[in-house]
Amino acid sequence: MDAVVQNKTTKFTPITQGEFGKLTPRMNNLRNKIINAKPYVDPERAVLATEAYKAHQNEQVDVLRAKLLAHILDKMTIFIEPETLIVGNQAQKNRWAPVFPEYSMNWVIDELDTFEKRPGDVFYITEDSKKKLREIAPYWQNNTLEDRGLAAFPPKSRLFYDLGIIGADGNITSGDGHIAVGYSTLINKGLKWYEARVQTAMADLDLTDYDQQKKLYFYQASLIVINAVRRFAQRYVDLATKMASKTADPNEKANLEKIATILQKVPYEPATTFREAVQSVWLIHLILQIESNGHSVSYGRVDQYLDPFYEADIKAGRITSDQAVELLTNLALKTLTINKVRSWAHTEFSAGSPLYQNITIGGQTKDGQDAVNPMSYLILQAIAQAHLPQPNLTVRYHKNLSDDFMLACVQVVKQGLGMPAFNNDEIIIPSFIARGIKKEDAYNYSAIGCVETAIPGKWGYRCTGMSFVNFPRTLLIVMNGGVDPESGKQLLPDYGRFSEMTSYDQLMAAWDKSLREITRQSVIIENTCDMVLERGYPDILCSTLTDDCIGRGKTIKEGGAVYDFISGLQVGIANLADSLAAIKKLVFEEKKLTPEQLWEALKNDFAGADGEQIRQMLLNDAPKYGNDNDYVDQLIADAYQPYIDEIAKYKNTRYGRGPIGGLRYAGTSSISANVGQGHSTLATPDGRHARTPLSEGCSPEHAMDTNGPTAVFKSVSKLNTKAITGGVLLNQKMSPQILRTTESCMKLVALLRTFFNRLHGYHVQYNIVDRATLIDAQIHPDQHRDLIVRVAGYSAFFVGLSKETQDDIIARTEQSF
């Protein structure tokens, strides 16, 4: 792309092949400060939250939550970095992680002295911070979301939760997230437009009607948070003005005065320039994560809503493409400043401290035309320059994407960021339309968090991420007559013990009935989480910026969103596939093993010479998922189907309360839960040792996919991807040497087109790093501080991961053409 890239009649900013330019000195300095900042646990928000709850605990919950946010925004520490062009901070310092006591406090107190001793995702904390957190802890005893959630779980469902068979720790220890609000409306109309809508709706209420009286509190809360955001912006105006008056540097003075002018206007007023739009988006994106610590708060289709501002500025001579890229890299750097501290139990599901803040580019317009525009290329350039694990970057693929744009995307992939990930319009849009989503909205979807998808500004929380169902452990329970072999608890009906079974069909009949019961239990757990969140923890700003909460007078959890579909996540798909293939072939067809022999080997974790011989047989003598082998691929498709069928029967808590949908579907974005859930899973019939990681996403088990990337694509495509609307996550790994030439990059483009056009793949992403580099980074972490890897549906700095997660990534198959 040495020449100007062309697509139809639109001209794009040139991108030199393989080179995306360098960070400006200003952004380079800011980047160094941010990535070198030590992540501390910050008690400030926790202290302010406690003050707000004590002062306003008599208020209706919507108003309480609004006044909580207002108090924090009014009182929290703010600062402006000397290098930044856009402002707004989450904590007292960049990369510090606030504590959100209203969601959970027990684990915080329990882990105060171990944050620095973690094997990965280390946080630091001062003794003064520990003191402050311990002082407020008594107020939150039996008074948090986690306390209420645990108390509300029905006893049998609580058992599945406590044993880790159905994971939902993040749902009762933090807010929801997993959403993209209406940023396009925000920057084009400003908060004043939302304020006017609320005021009109509130004036029309008949307060003698109980349902309308309930709306009053949401409307009052919305006005409180809008005014709080205005005051928060004004605090930065005042700070910038004060700093400008004290600096002798004319350039710095001009920048600070510009910041003050912009924030005097946005986000309350509509943006009229590119820089105003970026600042408006950033401030709201930030505040949403001060309001609630739910992760996967995403930016939506950034190229679509920012490009008109950019092109208008270019036409008016207000900006250059280089200045626009600098603002975009600034946005990426500020995105990385947001941090989240999780309990260690939750951290195992989210290794690398990810926030999953996703930017989506590409795709199609609502009339089906290619939506790639100049901003699409500038975002690629900015992400490459920033070279960070956050924000996530997703490209919406469709068959008419130009080779120029695809090649530009692959050039970013080559940088070793694990990005962009690719989602497929050709399967996602029809799947949405089939579920009742309007065509114009379906064409406007964006990635949320990892690989899940939703309509920005119109979709409720958690299009995925509701709960985690451990498929391999479920199989072991089925094989053990419904008894969990880890705990000895009878969890499911006894449909027959594997050691006494005489056919594969018997096992599958037991699997079908058992999986449906576990699916039912996951629904009960998810509904309980949603119930306690709805009753006590509404997110007022997030709801105000999501259609049509204002029109309905409801928060998102009450049914305010236009669309509301959710999904849980199913973990260990490849392990289940390979286990079933080994059982069917080696036990029931070839009879190389008896059921008793296999079960004893599993119970003993393949101990002894005989156990190891059985393990090698399981590893080497049965077909493996990921090699385009219909035998095993069809087994997993059939075994997955009972979950897909069963989960579709159950409504979520918003069903019938306004949104289109209110339904559930499947999803495979298991993030790093494969490591955490592997800890509680004994040896499995695929030859996997006890306590070791499970397979991630829908990716094949490490080193089992031996027939190349095309075979992997074919195996994955045999899953019922049209029904797995929650996302079909596929990780692939390649050596940087594979993509060293333009010709090899075009081979990858051709491979992607085959996967998406012919095989109807949902998603794929690439780790471009070799095994030797990863091993050296384990030995010499200080020499590889910038090394980024794709963990699951997100990227992370490799050296910040636990060794177990690092080893899991190292073990992944390294593909070649």
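Note: hydrogens, waters and symmetry copies are ignored here, and every other heavy atom, side chains too, is used. Predicted model, so just to flag it, every value in this text is computed and none were measured.
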K.L.:
Between Asn94 and Glu81, does any side-chain donor sit less than 3.5 Å from a side-chain acceptor?
P.N.:
yes
K.L.:
Does a donor on one side chain sit under 3.5 Å from an acceptor on the other, for Gln390 and Thr335?
P.N.:
no
K.L.:
How would you list, by chain and number, every residue that makes a ring-ring contact (aromatic ring centres under 6.0 Å, His included) with Trp107, sequence neighbours excluded?
P.N.:
none
K.L.:
On the 0 to 90° scale, with breaks at 30° and 60°, tag the Tyr445-Phe432 ring pair as parallel, tilted or perpendicular.
P.N.:
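Perpendicular, since the angle between the ring planes exceeds 60°.
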K.L.:
Quick one: does Lys265's side chain get under 4.5 Å of Thr272's, heavy atoms only?
P.N.:
yes
K.L.:
Do the ring planes of Tyr103 and Tyr537 sit parallel (below 30°), tilted (30 to 60°) or perpendicular (above 60°)?
P.N.:
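Judged by the thresholds at 30° and 60°, the geometry between Tyr103 and Tyr537 is tilted.
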K.L.:
Hey, is CD on Glu135 packed in by over 12 heavy atoms from elsewhere, all under 6.0 Å?
P.N.:
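Enclosed.
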K.L.:
Cut-off 3.5 Å, side chains only: do Ser353 and Asp121 have a donor facing an acceptor?
P.N.:
yes
K.L.:
Counting heavy atoms not belonging to Lys258, are there more than 12 under 6.0 Å from its NZ?
P.N.:
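At most 12 heavy atoms, drawn from other residues, nucleotides or ligands, come within 6.0 Å of this atom.
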K.L.:
Thr544 and Ser222: side-chain donor and acceptor closer than 3.5 Å?
P.N.:
yes
K.L.:
Has Arg134 got more than 12 heavy atoms of other residues, nucleotides or ligands less than 6.0 Å from its CZ?
P.N.:
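Above 12, so yes.
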K.L.:
Would you say Lys132 has more than 12 foreign heavy atoms packed within less than 6.0 Å of its NZ?
P.N.:
no
K.L.:
Would the distance check show the side chain of Glu111 and the main-chain N or O of Ser343 forming a donor-acceptor pair, the cut-off being under 3.5 Å?
P.N.:
no
K.L.:
Please evaluate residues Lys246 and Glu252 with respect to the criterion salt bridge (charged side-chain N to carboxylate O under 4.0 Å, His left out), reporting the C-alpha separation (whole Å), side-chain torsions for both, the decisive distance (0.1 Å), and the verdict.
P.N.:
CA-CA 10 Å; Lys246 293 182 177 181; Glu252 189 64 22; over 6 Å; no
K.L.:
When you check the side-chain N and O atoms of Thr208 and Asp206, is any donor under 3.5 Å from an acceptor?
P.N.:
yes
K.L.:
Taking atom NZ of Lys651 as the centre, does the number of heavy atoms from other residues, nucleotides or ligands within less than 6.0 Å exceed 12?
P.N.:
yes
K.L.:
Check whether any side-chain N or O of Asp42 sits under 3.5 Å from a backbone N or O of Ala97 as a donor-acceptor pair, and report yes or no.
P.N.:
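Judged by distance alone, no pair lies under 3.5 Å.
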K.L.:
With a 4.5 Å heavy-atom cut-off, do Asn188 and Ser184 have their side chains touching?
P.N.:
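A side-chain contact exists here, since the closest heavy-atom pair is under 4.5 Å.
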K.L.:
Using the side-chain contact (heavy atoms from CB on, under 4.5 Å) rule, take Arg231 and Arg235 through it: C-alpha gap first, then chi angles, then the decisive distance, then the call.
P.N.:
CA-CA 6 Å; Arg231 293 196 303 273; Arg235 292 185 68 198; 5.6 Å; no
K.L.:
Using the rule side chain to side chain donor-acceptor pair (under 3.5 Å), only one of Asp564, Asp539, Asp530, Thr653 pairs with Lys557; which is it?
P.N.:
Asp530
K.L.:
Just checking, is any N or O donor in the side chain of Asn652 or Arg664 under 3.5 Å from an acceptor N or O on the other one?
P.N.:
no
K.L.:
Cys463 and Glu452: which non-hydrogen atoms are nearest, and at how many Å?
P.N.:
SG-CG, 3.5 Å
K.L.:
Quick one: do the Gln357 and Gln289 side chains pair a donor with an acceptor below 3.5 Å?
P.N.:
yes
K.L.:
May I ask you to decide whether Glu558 forms a salt bridge with Lys214, counting only side-chain N to carboxylate O separations under 4.0 Å?
P.N.:
no
K.L.:
Any side-chain donor-acceptor pair under 3.5 Å between Arg148 and Asn142?
P.N.:
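Not at all, the side chains of Arg148 and Asn142 share no donor-acceptor pair under 3.5 Å.
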K.L.:
Would you check if there is a donor-acceptor pair between the side chains of Glu326 and Asn330 at a distance under 3.5 Å?
P.N.:
no
K.L.:
Apply side chain to side chain contact (heavy atoms under 4.5 Å, CB included) to Ala271 and list each qualifying residue two or more places apart in sequence or on a separate chain.
P.N.:
Ile187, Val266, Glu276, Ala277, Phe309
K.L.:
Considering residues at least two apart in sequence or located in another chain, which fulfil the side chain to side chain donor-acceptor pair (under 3.5 Å) criterion with Lys242?
P.N.:
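Lys242: no side chain to side chain donor-acceptor pair (under 3.5 Å) contacts found.
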K.L.:
Are any side-chain N or O atoms of Glu44 and backbone N or O atoms of Gln92, one a donor and one an acceptor, separated by less than 3.5 Å?
P.N.:
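Flag not set: sc Glu44 to bb Gln92 has no pair under 3.5 Å.
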K.L.:
If the condition is ring-ring contact (aromatic ring centres under 6.0 Å, His included), which residues does Tyr40 pass it with, not counting sequence neighbours?
P.N.:
Trp96, Tyr124
K.L.:
Quick one: pull up CG in Leu150 and CG in Asn106 and give me the separation to the nearest 0.5 Å.
P.N.:
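Rounded to the nearest 0.5 Å, the CG-CG separation comes out at 8.5 Å.
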K.L.:
Taking atom NZ of Lys130 as the centre, does the number of heavy atoms from other residues, nucleotides or ligands within less than 6.0 Å exceed 12?
P.N.:
yes
K.L.:
For the backbone of Gly88 and the side chain of Lys334, can you confirm whether one donor and one acceptor N or O come within less than 3.5 Å of each other?
P.N.:
yes
K.L.:
Roughly how far, to the nearest 0.5 Å, is the CD1 atom of Ile550 from the CD atom of Gln199?
P.N.:
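If I round to the nearest 0.5 Å, the distance is 10.5 Å.
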K.L.:
So that I know where these two stand, are Trp140 and Tyr53 an aromatic pair - ring centroids less than 6.0 Å apart?
P.N.:
yes
K.L.:
Just do the side-chain contact (heavy atoms from CB on, under 4.5 Å) check on Trp193 and Leu186 with the steps written out, would you?
P.N.:
CA-CA 8 Å; Trp193 179 81; Leu186 170 75; over 6 Å; no
K.L.:
For a side-chain contact (heavy atoms from CB on, under 4.5 Å) check, start with the C-alpha distance between Val237 and Ile259, then their side-chain angles and the critical distance, and finish with the verdict.
P.N.:
CA-CA 7 Å; Val237 172; Ile259 287 171; over 6 Å; no
K.L.:
A side-chain contact here means heavy atoms from C-beta on lying under 4.5 Å apart; do Pro389 and Leu336 qualify?
P.N.:
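Touching, per the 4.5 Å side-chain cut-off.
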K.L.:
Consider only side-chain N and O atoms of Asp441 and Tyr563, and report whether a donor and an acceptor are under 3.5 Å apart.
P.N.:
yes
K.L.:
Just to verify, which of Arg230, Lys192, Lys189 counts as forming a salt bridge (charged side-chain N to carboxylate O under 4.0 Å, His left out) with Glu269?
P.N.:
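Exactly one pass, corresponding to Lys192.
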K.L.:
Distance only, no hydrogens: is a donor on one side chain within 3.5 Å (strictly under) of an acceptor on the other, for Gln264 and Thr261?
P.N.:
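Gln264 vs Thr261: no donor-acceptor pair found between side chains.
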K.L.:
Just checking, is any N or O donor in the side chain of Thr126 or Ser129 under 3.5 Å from an acceptor N or O on the other one?
P.N.:
yes
K.L.:
Quick check: does any side chain N or O of Asn89 sit under 3.5 Å from a backbone N or O of Phe79, one acting as donor and the other as acceptor?
P.N.:
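Yes.
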K.L.:
Hey, is the main chain of Met202 close enough, under 3.5 Å, to the side chain of Lys215 for a donor-acceptor pair?
P.N.:
no
K.L.:
I'd like to check the ring-ring contact (aromatic ring centres under 6.0 Å, His included) partners of Tyr356; sequence neighbours left out, ordered by chain and number.
P.N.:
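Counting only residues at least two positions away or on another chain, Tyr356 forms a ring-ring contact (aromatic ring centres under 6.0 Å, His included) with His295, Tyr794.
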K.L.:
Taking only residues two or more places apart in sequence or in another chain, which ones pass side chain to side chain contact (heavy atoms under 4.5 Å, CB included) with Asp209?
P.N.:
Asp211, Gln212
K.L.:
Start with the C-alpha gap between Arg301 and Ser446, add the side-chain angles, then the distance that decides, and say whether side-chain contact (heavy atoms from CB on, under 4.5 Å) holds.
P.N.:
CA-CA 6 Å; Arg301 301 185 72 189; Ser446 70; 3.9 Å; yes
K.L.:
With a 3.5 Å cut-off and no angle check, do the side chains of Thr173 and Ser104 form a donor-acceptor pair?
P.N.:
no
K.L.:
Report yes or no: do Ser296 and Asn358 form a side-chain donor-acceptor pair below 3.5 Å?
P.N.:
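No.
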K.L.:
Will you find, in the side chains of Asp147 and Thr144, an N or O donor that is under 3.5 Å from an N or O acceptor?
P.N.:
yes
K.L.:
Between Asp547 (side chain only) and Lys458 (backbone N and O only), is there a donor and an acceptor less than 3.5 Å apart?
P.N.:
no
